[in-house]
Amino acid sequence: MGYTLSDTRGPPPYYAEHSADGRGRGLFASRDIKKGELVHDGTDSDVMFPDAMSWRRFIFSLPRNRACDMIDWTWTQKLEENGKHRIF
């Protein structure tokens with residue numbers, strides 16, 4: 001089933017990491033999802049790095065194939081209208 005950082009908030013998320021034949025790893029639904037259903041809001045499983053150097057240290061600590069995936073799945077976002085970009 002899916003991944004969770006905590007087992008105190010109910011069932012795991014409705015997605016899980018799997019390999020797709022010849023296409024690499026990705027997130028896939030682990031059950032049927034109803035139209036309009038919220039399956040991820042980022043409150044418990046997203047990691048926000050305090051600065052770029054922390055993100056780099058994390059990336060370089062991973063095996064190469066995982067580091068490549070993490071780089072692909074990383075994004076920046078402003079949490080406040082005039083705030084700094086954060087690395088997720």
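Computation of the quantities below employed the complete heavy-atom set of this structure, encompassing side-chain atoms and omitting hydrogens, waters and symmetry-equivalent molecules. All values reported here derive from a predicted model rather than from experimental measurement.
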Could you list the donor-acceptor pairs under 3.5 angstrom formed between side-chain atoms of residues 77-88 and any protein atom two or more places apart in sequence or on another chain?
unit_1	atom_1	unit_2	atom_2	d
Gln77	OE1	Trp75	NE1	3.0

Pairs where residues 48-61 contributes a residue and the test salt bridge (charged side-chain N to carboxylate O under 4.0 Å, His left out) is met, not counting sequence neighbours: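 Pairs touching residues 48-61 that pass the test: none.
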Less than 3.5 Å apart, which donor and acceptor atoms pair up between the side chains of residues 61-71 and the rest of the protein, not counting sequence neighbours?
unit_1	atom_1	unit_2	atom_2	d
Ser61	OG	Phe58	O	2.6
Arg66	NH1	Glu17	OE1	3.4
Arg66	NH1	Glu17	OE2	2.7
Asp69	OD2	Arg25	NE	2.7
Asp69	OD2	Arg25	NH2	2.0

Contacts of type side chain to side chain donor-acceptor pair (under 3.5 Å), residue Thr74, not counting sequence neighbours: Trp55
